[in-house]
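So the structure is just underneath, and the comments pick up after that.
From a predicted model like this one, the values you see are computed outputs, not experimental measurements.
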Amino acid sequence: MTQRSGLALAVLALAAEEPMHPYRMQQLLRERGKDQVVNVGQRSQLYKTIDRLVRDDLLVARATEREATRPERTVYAATDAGRELAITWTLDMLTAPRHEFAEFTAALAYLPLLDPEVAADALALRLSDRRGELERVRHDLEKAPDFLPRIVVVEAEYAIAHLETDVAWIAALLDDLRSGALTWDRAALTDIARRADPGGEDRP
């Protein structure tokens, strides 16, 4: 069975909306701002996802279209099983999300690899990026047409809430690093790790 993913869900949802070809899917995801939550940057990945959905009888090729100067495009529609799975996936993603191993969290776990000053400089760059992204998402939401119902932009609201929290937390951490309230010594941390390891004394 096709592995659950945001892209696979988006493809099934679009194909359930109306039969369409992959280029149109990619175009609509971008026009609707869904490319901010679903990775459609690589068209090859979109085609691979469609192939897997067809293989598992979740999508079916309905027809081919051809414009004068373009190659043939296959139009896909969601099967009944595809529509049902899209609903199941949406419910699962809402109620039982998978644990995601974010790179930023991993970097925080190994922050002592860096000197405090270097860590502060790196976090300052991230803070600037997150602030810029927050302003961009706010701007995009503010310029959304008034006739759009809230339900089609709730993911942008969530992104803003997440970014606001991210910005506030990183700013506070950076303040602690700059002030010296948070600092570390790698040699001391290594010694603590050895003392905390029950088998550490047996190793050279």
Under the side-chain contact (heavy atoms from CB on, under 4.5 Å) test, residues paired with Ala109 that sit two or more places apart:
none
Contacts of type side-chain contact (heavy atoms from CB on, under 4.5 Å), residue Arg43, not counting sequence neighbours:
Tyr23, Gln26, Tyr47
Would you say the side chain of Asp115 lies within less than 4.5 Å of the side chain of Arg186, judging by non-hydrogen atoms?
yes
Does any part of the side chain of Leu108, heavy atoms only, come nearer than 4.5 Å to the side chain of Leu173, both counted from C-beta?
yes
List the atom of [X], the atom of [Y], and the distance in Å for their closest heavy-atom pair.
X	Y	result
Leu182	Leu177	O-CD2, 3.6 Å
Leu189	Pro112	CD1-CB, 3.5 Å
Ala119	Leu111	CB-CD1, 4.0 Å
Leu141	Glu157	CD2-CG, 4.3 Å
Trp184	Leu114	NE1-O, 2.9 Å
Asp166	Phe104	OD1-CE2, 4.5 Å

Can you check side chain to side chain contact (heavy atoms under 4.5 Å, CB included) on Met25 and Leu28, steps first, answer last?
CA-CA 5 Å; Met25 292 178 184; Leu28 279 178; over 6 Å; no
For the [atom1] atom of [X] and the [atom2] atom of [Y], what is their distance to the nearest 0.5 Å?
X	Y	atom1	atom2	answer
Tyr110	Thr105	OH	OG1	12.5 Å
Ile87	Asp92	CD1	CG	12.0 Å
Arg62	Glu18	CZ	CD	11.5 Å
His21	Arg24	NE2	CZ	7.5 Å

Exceeds 12 heavy-atom contacts within 6.0 angstrom, atom [atom1] of [X]:
X	atom1	answer
Tyr158	OH	no
Arg98	CZ	yes
Glu31	CD	yes

With a 4.5 Å cut-off on side-chain heavy-atom distances among I, L, V, M, F, W and Y, is there a chain of contacts connecting [X] to [Y]?
X	Y	result
Val60	Met20	no
Val75	Leu14	no
Val37	Leu148	no
Val40	Val137	no

For Lys34 and Glu155, what are the C-alpha separation, side-chain angles and deciding distance, and is it a side chain to side chain contact (heavy atoms under 4.5 Å, CB included)?
CA-CA 9 Å; Lys34 306 306 182 185; Glu155 75 275 14; 2.7 Å; yes
Distance-only criterion, 3.5 Å: show the donor-acceptor pairs between side-chain atoms of residues 3-12 and protein atoms not counting sequence neighbours.
unit_1, atom_1, unit_2, atom_2, d
Ser5, OG, Ala8, N, 3.0

Is it true that [X] and [Y] have a side-chain N and a carboxylate O under 4.0 angstrom from each other?
X	Y	answer
Glu17	Arg32	yes
Asp80	Arg83	yes
Arg195	Asp191	yes

Would you tabulate the side-chain donor-acceptor contacts of residues 124-135 under 3.5 Å, counting partners in other chains and residues two or more places apart, or write 'none'?
unit_1, atom_1, unit_2, atom_2, d
Glu133, OE1, Arg136, NE, 3.1
Glu133, OE2, Arg136, NH2, 2.7
Glu135, OE2, Arg138, NH1, 3.0

For Asp57, what residues pass the salt bridge (Lys or Arg N to Asp or Glu O under 4.0 Å) criterion, not counting sequence neighbours?
none
Holding to ring pair (Phe, Tyr, Trp, His ring centres under 6.0 Å), I want the full list of residues that pass it with His99, two or more places apart in sequence or in another chain.
Phe101
Pick out which of Thr2, Asp51, Ile50 makes a side chain to side chain contact (heavy atoms under 4.5 Å, CB included) with Leu59.
Ile50
Check: Thr74 side chain, Ala61 main-chain N or O, donor-acceptor pair, under 3.5 Å:
no
List the steps and the verdict of side chain to side chain contact (heavy atoms under 4.5 Å, CB included) for Thr183 and Asp176.
CA-CA 8 Å; Thr183 190; Asp176 287 344; over 6 Å; no
